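Here is the structure we will look at.
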Protein chains: 2
Amino acid sequence: MKLDDFCITSGKGFKLAAFDPESKPFSLGEKDADVAHVADLSARLDAEQDIFYAEHRRKLLFILQGMDTSGKDGTVRSVFRNFDPLGVRVASFKAPTAEELARDYLWRVHLQVPRQGEIAIFNRSHYEDVLITRVHGWIDDEECERRFRQIRAFEEMLTETGTTIIKCFLHISKAEQKRRLEDRIADPQKHWKFDMQDLAERKYWKEYQQSYEAAIAATATPACPWYIVPADSKSHRNLMVAEILADVFHKLKPSYPPPKPELAKVAVE
Amino acid sequence: MKLDDFCITSGKGFKLAAFDPESKPFSLGEKDADVAHVADLSARLDAEQDIFYAEHRRKLLFILQGMDTSGKDGTVRSVFRNFDPLGVRVASFKAPTAEELARDYLWRVHLQVPRQGEIAIFNRSHYEDVLITRVHGWIDDEECERRFRQIRAFEEMLTETGTTIIKCFLHISKAEQKRRLEDRIADPQKHWKFDMQDLAERKYWKEYQQSYEAAIAATATPACPWYIVPADSKSHRNLMVAEILADVFHKLKPSYPPPKPELAKVAVE
């Protein structure tokens, strides 16, 4: 199975329904094997990240989107856990504050873009501004199209100024969300994760899927692709995201900054 | 050996020279055993951190200070690497920008304090404003005393509003710094870490030790203690910082938020 088959670089003919959330296209078979492979990849990526940080030149932006319970937090925990905290930063975008609402919707996002040598992980992002807003009719179609254009231009500017952008849609089924919500209810230690609002949003499942499809189609470009990650299986989800990250580093080929010849003559007193 | 013996809670009688940078008071003997123990502690702390994050109530601020090459980056890498990136954030304070200099020296620091459930690691901090500034005479003694008072008040306010502050001085010898600088010169892959300015600052070794001693003495309180970490040995340094962190969590005793009884009646449609 090739990553390219799950990498959306153009909206042409894109149908979310063509991807099965239950499938495990990158699985090695047994769950244990998948978990072990993520650990292997993670160790290798860890070394790559150290060099990317030392290189201090390019930036990497990893955007995670998905329905409630789709596993955004779990992905960060499992795939990025072994990275050096010096070079990785998570930005979680919740409901905007009054300060944020007083600016344009890209303002708070722009503040959090990665710096040179840094990986920024967006746990939700500006895509919420064309998802929940659209599902509830807070913006009309015309405004939504305008935002798609603004987002394309914003992301294009970021890539042109040295940022690699990877967007992952963690794709779960409605049945799997039901299981996960019920798990949270059944386990008192998970109650803190449960928000009654999640149940209210679940009622709009179909509208969310349509809005995701439209947003992905409108903003998938060769420079800023979307990956559709079948995510009903957590081990598969982690494995596939780790593979995407490995592929990114393989293409970026980070390298140490050049040696400084002038240091040959330096003596430490 | 007890952590208390290295925990400075008052300036009374404090002498930095009483602590030997070469010593390894917490070592288990063999380096391998120390490294393995850090890995064990790290796995346990990892679980504690997850609960601290879930608790979403208190905040933890970990300040790392030390001379150039004392191992601030290495400590982050080794001790905090396995933590969930969702709950850990590193703030590195370099030479202040024009924007930062246009405000008081605590402004940029205040912006980076941890939020509820978060661990913030300060890689250098507001202490630079009573160290390099004093060594070079950019501030006089009167201004320095004023800043000590301001820092005490600032840190007191943070602790009173729910932040646990731990300050670590990574204590290396002048001879060990020489070895580390020479290592960087000898290894082309480490040239990017080498800054000629480090050699210039090294000339002020004695003045820095005096300024550290004064700053630690002036700002060590029971609520905001300093730990002196003998750091000529990297494995000992990591072990001791991990022990300090384990002790903090032991005292904090993080716990999951209480279950929500109202969820008993909830059905997921």
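Keep in mind it's a predicted model, so treat the numbers as computed, not measured. Lettering of chains follows the sequences in order, A, B, ..., and the numbering in each one begins at 1.
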Atom group of Phe80(B) that falls short of 4.5 Å from chain A, counting heavy atoms: both
Output the option from Gly87(B), Pro257(B), Ala267(B) having the highest count of non-hydrogen pairs under 4.5 Å with chain A. Pro257(B)
Selection from Val88(B), Asp198(B), Val266(B), Asp187(B) maximising heavy-atom pairs under 4.5 Å formed with chain A: Val266(B)
Neighbour count above 12 (heavy atom, 6.0 Å) for Glu99(A) CD: no
Arg77(A) portion near chain B, given a 4.5 angstrom heavy-atom threshold: both
Counting heavy-atom pairs under 4.5 angstrom with chain B, the leader among Lys178(A), Lys193(A), Lys174(A), Arg89(A) is Lys178(A)
Is it true that atom CZ of Arg103(A) has more than 12 heavy atoms of other residues, nucleotides or ligands lying nearer than 6.0 Å? yes
How long is the straight-line distance from CG of Leu86(B) back to CG of Asp73(A), given to the nearest 0.5 Å? 5.0 Å
May I ask you to name which of Leu181(A), Asp84(A), Asp46(A) has the most heavy-atom pairs under 4.5 Å with chain B? Asp84(A)
Within the side chain of Arg81(A), is there an N or O that forms a donor-acceptor pair under 3.5 Å with the backbone of Pro85(B)? no
Can Lys190(B) and Asp50(A) be said to form a salt bridge (Lys or Arg N to Asp or Glu O under 4.0 Å), step by step? CA-CA 12 Å; Lys190(B) 290 183 180 166; Asp50(A) 278 354; over 6 Å; no
Distance from Arg115(A) atom CZ to Ser92(B) atom OG, nearest 0.5 Å? 8.0 Å
Who among Pro188(B), Ala54(B), Ala186(B) has the most heavy-atom pairs with chain A under 4.5 Å? Ala54(B)
Spacing of Glu269(A) atom CD and Lys203(B) atom NZ [to the nearest 0.5 Å]: 6.5 Å
Can you check whether Phe194(B)'s main-chain N or O pairs, donor with acceptor, with Lys260(A)'s side chain at less than 3.5 Å? yes
Option in Ile51(A), Ile121(A), Leu199(A) with maximal non-hydrogen atom pairs under 4.5 Å from chain B: Leu199(A)
Could you give the distance from CD (Glu182(A)) to CG (Leu263(B)), rounded to the nearest 0.5 Å? 12.5 Å
So if I apply the side-chain contact (heavy atoms from CB on, under 4.5 Å) rule between Val268(A) and each of Arg202(B), Gln177(B), Arg184(B), Arg179(B), which one comes out positive? Arg202(B)
Please flag which part of Asn123(A) lies under 4.5 Å from any non-hydrogen atom of chain B: side chain, backbone, both or neither. side chain
